[in-house]
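Have a look at the structure below, then the notes.
This structure is a prediction, so every number in the text was calculated from the model and none was measured. Computation of the quantities below employed the complete heavy-atom set of this structure, encompassing side-chain atoms and omitting hydrogens, waters and symmetry-equivalent molecules.
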Amino acid sequence: MNYSLLKYMEGVISDQRTAVEIYERWFDEETGVAPYPRETINDYYQGIVDSFEWIPIVSY
């Protein structure tokens, strides 16, 4: 689950069409269900993506 969310966040930051469409549906300032400024979301997502490097990936 965490990996999927991280990939979505990377997609929004890098303007991948499918991720941006999901973002716009929920967070777009004009049409979103819970409007939020894109610049703020990008900064927040970038912080999470950057910190993900510190989360160990464990194989079982």
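Using a 4.5 Å heavy-atom threshold, the side chains of Tyr8 and Tyr23 count as touching.
Checked for salt-bridge contact, Glu21 and Arg17 meet the test: a charged N lies under 4.0 Å from a carboxylate O.
Closest approach of Val49 and Ile13 over heavy atoms only: CG2-CD1, 4.0 Å. Smallest separation of non-hydrogen atoms from Ala19 and Gly11: CB-C, 3.5 Å.
In terms of hydrophobic clustering, with Ile, Leu, Val, Met, Phe, Trp and Tyr side chains grouped at heavy-atom distances under 4.5 Å, Val20 and Val33 are assigned to different clusters. When the side chains of ILVMFWY residues are joined at heavy-atom separations under 4.5 Å, either directly or via intervening members, Ile22 and Tyr44 end up in a single hydrophobic cluster.
A salt bridge (charged side-chain N to carboxylate O under 4.0 Å, His left out) check over residues 26-42, counting only residues at least two apart or in different chains, returns the pairs Asp15-Arg38.
By the salt bridge (charged side-chain N to carboxylate O under 4.0 Å, His left out) test, Glu10 pairs with Lys7, sequence neighbours left out. Qualifying side chain to side chain donor-acceptor pair (under 3.5 Å) partners for Glu24, counting only residues two or more places apart in sequence or in other chains: none.
Side-chain contact, Gln46 with Asn42: no donor N or O sits under 3.5 Å from an acceptor N or O.
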